[in-house]
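Take a look at the structure below.
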Amino acid sequence: MGKIKLTFIIISAILLAIIVFLLLANFVYKPKALTSSLFIYFCKKGDTVRDAGLTTPEGIIRFDDIQYESSPKWNILDVYGTNDAPQNHVFHCDIKNPVALICNEKESQFLKSFLR
């Protein structure tokens with residue numbers, strides 16, 4: 001029984017040391033920068049998969065890499081629409097928009113393909 005208690009104390013101390021280290025590291029190394037770096041890394045990884053072989057269907061207009069902030073490397077935007085009804089930046093959020101319904105269904109199908 002004493003050996004189990006000692007093992008528990010040692011493991012608890014190690015976990016506590018790791019938690020303290022991570023908390024201190026967040027204050028010292030600017031957690032926002034670390035979080036941003038991880039976010040950018042995973043977005044870029046996902047975008048690369050998504051954009052592989054990407055083509056624009058006929059009848060769709062597309063504007064790529066529109067710069068909306070000071071950094072052309074990170075703050076760029078792609079806008080899609082049709083010749084008859086150009087769409088706004090967040091058109092897919094409008095559930096009454098028939099183009100948004102198509103967009104969301106296609107995106108859902110794409111994402112579900114990775115879950116199989």
Side-chain angles (χ1 to χ4, degrees):
M1 189 70 164
K3 191 174 185 178
I4 293 174
K5 190 174 182 180
L6 180 61
T7 303
F8 177 76
I9 291 171
I10 291 171
I11 291 173
S12 297
I14 291 170
L15 289 175
L16 182 62
I18 290 171
I19 291 169
V20 169
F21 172 77
L22 291 174
L23 288 172
L24 290 174
N26 280 336
F27 288 114
V28 173
Y29 295 112
K30 300 179 185 175
K32 188 173 183 181
L34 176 61
T35 304
S36 297
S37 297
L38 289 172
F39 177 77
I40 290 167
Y41 170 78
F42 285 111
C43 285
K44 177 64 179 155
K45 189 173 182 177
D47 288 350
T48 302
V49 171
R50 182 199 64 208
D51 293 345
L54 183 66
T55 59
T56 303
E58 187 150 337
I60 301 294
I61 54 175
R62 179 175 158 180
F63 302 95
D64 292 335
D65 302 334
I66 299 169
Q67 183 179 341
Y68 63 90
E69 290 269 336
S70 60
S71 171
K73 183 175 181 182
W74 303 117
N75 300 317
I76 55 174
L77 167 69
D78 296 342
V79 177
Y80 301 83
T82 62
N83 290 325
D84 299 332
Q87 304 298 312
N88 295 323
H89 168 52
V90 290
F91 75 93
H92 61 282
C93 296
D94 180 1
I95 61 172
K96 294 180 182 177
N97 182 340
V99 177
L101 296 175
I102 295 168
C103 168
N104 291 332
E105 180 58 33
K106 295 284 185 184
E107 188 169 0
S108 293
Q109 289 173 3
F110 172 78
L111 294 171
K112 287 176 183 176
S113 72
F114 290 98
L115 298 176
R116 296 180 190 163

*Can you see which heavy atom on Val99 is nearest to which on Asn97, and at what distance?*
N-OD1, 2.9 Å

*Drop me the distance from Cys103's SG to Glu105's CD, to the nearest 0.5 angstrom.*
10.5 Å

_Just verifying a value: how many Å separate Ile10 CD1 and Leu15 CG, rounded to the nearest 0.5 Å?_
12.0 Å

*Among Ile9, Ile14, Thr7, which one satisfies side-chain contact (heavy atoms from CB on, under 4.5 Å) with Ile11?*
Thr7

*Answer yes or no: are there more than 12 heavy-atom neighbours, outside Ile95 itself, under 6.0 Å from its atom CD1?*
no

